[in-house]
> 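Please see the structure below; I have some questions.
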2 protein chains.
Amino acid sequence: MTDTPTATISPALIAEPGHSWATVRDALHARGQRWTPQRRLILDVLAAATGHVTGTEVVERCRAVDPEVTPSTVYRTLDVLEELGYLHHSHGAGGREEFHVLPAREHAHLQCERCGRSWEVTPDEAARLLDGLARDRGFRVHLGHLSIAGVCADCAG
Amino acid sequence: MTDTPTATISPALIAEPGHSWATVRDALHARGQRWTPQRRLILDVLAAATGHVTGTEVVERCRAVDPEVTPSTVYRTLDVLEELGYLHHSHGAGGREEFHVLPAREHAHLQCERCGRSWEVTPDEAARLLDGLARDRGFRVHLGHLSIAGVCADCAG
DNA sequence: TTTTGTGCAAAAGTTTTGCAGATAT
DNA sequence: ATATCTGCAAAACTTTTGCACAAAA
């Protein structure tokens, strides 16, 4: 991994600034915490991330917009947002943390080891496995933390 | 994670030196590669690891036996062994690489987020999920790379 | 004004790499 | 003899932490 392109980030990667983060802001305030420009930027980046992003990616995309933003701020904010429940993280193919904004329903990720693309796996699809593990072992799977690696249809040829 | 105990490693963690690694040695030779004391030690450590170990753990356990062994040697050997197919790695709760010697049949891991214990998930148990993904999406899951996080029966109370 | 957040810089932890010398074949 | 391995040291990379100053409430 020597290729860490500080490339220009496509505008599409940053959510439209008009997005209302009122709920998050209120949740922060309810805990005596602050609503800052940096936190809004980080949320914009997360919201624009289709599926998931690594910590490094969030840092890069934030810095592409505002070079003043530092890694420490990003990581600390990701922690806060996860505590608030607006964010989950799992571990992708490279073993790096992958964050995603909490969607309507929790889902797992399917990740192709060859092309790197990823898809969501809904609770329905995973139901049989989850139910089986719950029934046989009493194990409750944390679906949002589940990353399934393999080879996708296209790459299998 | 400031606690990296260089603690004495229980003898139980190292496989009996009598173990025959003839197959691995032959596979190495078949590729023009060398059979070295360091590689044998690393295999002993891996074989004694119940289920999985992180790269750091392999390093520590090797050094507990022979302090001369260096991280670079361990990581390079792990790569070689994985290329040969004697080893697989996945990513555990902390996102760190977890290696395990390739068992008779490939299996996934179930890992409790509270107590940290882990169990094997057999292909049978995961079959429904795997078959579903293969049928509906043409996605072939890499079972040995699958680490399922959640809460175990004991911790759920 | 008081507490929380930020940027900076430095550290921590894991894994990788370059290289000269050692070793397996 | 010769290509592969090893140990050492240093680097790469991601993530964390301490601290003084800035900013939010």
Side-chain angles (χ1 to χ4, degrees), chain A residues 1-6 21 24-43 53-63 65-84 87 89-99, chain B residues 1-6 21 24-43 53-63 65-84 87 89-99:
Chain A
M1 250 177 248
T2 321
D3 54 314
T4 309
T6 317
W21 294 117
V24 180
R25 187 198 55 213
D26 292 349
L28 284 167
H29 286 168
R31 299 182 16 151
Q33 297 181 290
R34 309 285 154 84
W35 177 242
T36 69
Q38 292 84 346
R39 290 182 173 176
R40 190 176 65 63
L41 174 55
I42 291 164
L43 281 165
V53 269
T54 63
T56 310
E57 283 168 346
V58 179
V59 172
E60 282 170 3
R61 293 179 191 178
C62 285
R63 293 178 75 97
V65 176
D66 176 2
E68 300 278 283
V69 175
T70 56
S72 44
T73 298
V74 172
Y75 285 108
R76 284 188 285 227
T77 294
L78 290 174
D79 286 347
V80 168
L81 293 176
E82 188 157 16
E83 271 170 38
L84 286 175
L87 205 65
H89 81 271
S90 56
H91 299 282
R96 296 283 149 256
E97 285 185 316
E98 297 205 324
F99 296 87
Chain B
M1 248 178 243
T2 321
D3 54 313
T4 309
T6 316
W21 295 117
V24 181
R25 187 196 56 214
D26 293 349
L28 284 168
H29 285 168
R31 299 182 18 150
Q33 297 181 288
R34 308 285 153 81
W35 177 242
T36 69
Q38 292 86 346
R39 289 182 172 177
R40 191 176 65 63
L41 173 56
I42 291 165
L43 279 165
V53 269
T54 63
T56 310
E57 282 167 348
V58 178
V59 172
E60 283 170 2
R61 293 177 192 179
C62 285
R63 292 179 75 98
V65 175
D66 176 3
E68 301 277 281
V69 176
T70 57
S72 43
T73 297
V74 172
Y75 285 107
R76 284 187 284 226
T77 294
L78 290 174
D79 285 347
V80 168
L81 292 175
E82 188 156 16
E83 271 171 37
L84 285 175
L87 206 65
H89 80 270
S90 55
H91 300 283
R96 296 282 149 258
E97 285 185 317
E98 296 205 325
F99 296 88

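Letters go in sequence order (proteins before strands), and every chain restarts at 1.
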> What is the distance, rounded to the nearest whole Å, between atom CG of B:Asp66 and atom C1' of D:dG7?
11 Å
> Taking only residues two or more places apart in sequence or in another chain, which ones pass side chain to side chain contact (heavy atoms under 4.5 Å, CB included) with A:Thr36?
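Counting only residues at least two positions away or on another chain, A:Thr36 forms a side chain to side chain contact (heavy atoms under 4.5 Å, CB included) with A:Arg34, A:Gln38, A:Arg39.
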> Among D:dC5, C:dT15, D:dT14, which nucleotide has an atom closest to any side-chain atom of A:Thr56?
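Per side-chain heavy atoms of A:Thr56, the pick is D:dT14.
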> Residues in salt bridge (charged side-chain N to carboxylate O under 4.0 Å, His left out) with A:Glu68, at least two apart?
none
> Specify the angle, to 10°, made by the local axes at the two ends of the helix from C:dT1-D:dA25 to C:dT25-D:dA1 when five pairs are taken at each end.
30°
> Hey, does B:Ser72 reach any base, or is it just sugar-phosphate, or nothing, if we go heavy atoms under 4.0 Å?
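Here B:Ser72 touches the bases of the nucleic acid.
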> Suppose we screen for salt bridge (charged side-chain N to carboxylate O under 4.0 Å, His left out). Which residues come up paired with A:Glu83, at least two apart in sequence or across chains?
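A:Glu83 satisfies salt bridge (charged side-chain N to carboxylate O under 4.0 Å, His left out) with A:Arg31 only.
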> Please produce a list of atom pairs where a protein N or O lies less than 3.5 Å from an N or O of nucleotides 21-24 of chain D.
from   : atom 1 : to      : atom 2 : distance (Å)
D:dA24 : N3     : A:Arg34 : NH1    : 2.9

> How many Å lie between CG on A:Leu41 and C1' on C:dG5, as a whole number?
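For the pair A:Leu41 CG and C:dG5 C1', the rounded distance is 15 Å.
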> Does a side-chain heavy-atom distance below 4.5 Å link A:Val58 with A:Tyr75?
no
> Hey, what do you get for CZ (A:Arg40) to CH2 (A:Trp35), rounding to the nearest 0.5 Å?
7.0 Å
> Round to the nearest Å and state the distance from A:Glu68 atom CD to C:dG5 atom P.
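For the pair A:Glu68 CD and C:dG5 P, the rounded distance is 19 Å.
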> When you measure from every atom of DNA chain C, which of residues 74-82 of chain B have a heavy atom less than 4.0 Å away?
B:Tyr75, B:Arg76
> Keeping the roles fixed (side chain from A:Thr73, backbone from A:Val69), state whether a donor-acceptor pair exists under 3.5 Å.
no
> Want to settle it: does B:Pro67 or B:Gly32 sit nearer the 5' end of DNA chain D, counting the closest nucleotide to each?
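First, find each residue's nearest nucleotide; the 5'-ward one identifies B:Gly32.
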> Pick the nucleotide of DNA chain D nearest each of B:Arg63 and B:Leu28; which residue has the one closer to the 5' end?
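Between the two, 5'-proximity favours B:Leu28.
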> Looking at B:Glu57 and B:Thr54, would you say the former's side chain and the latter's main chain have a donor-acceptor pair under 3.5 Å?
yes
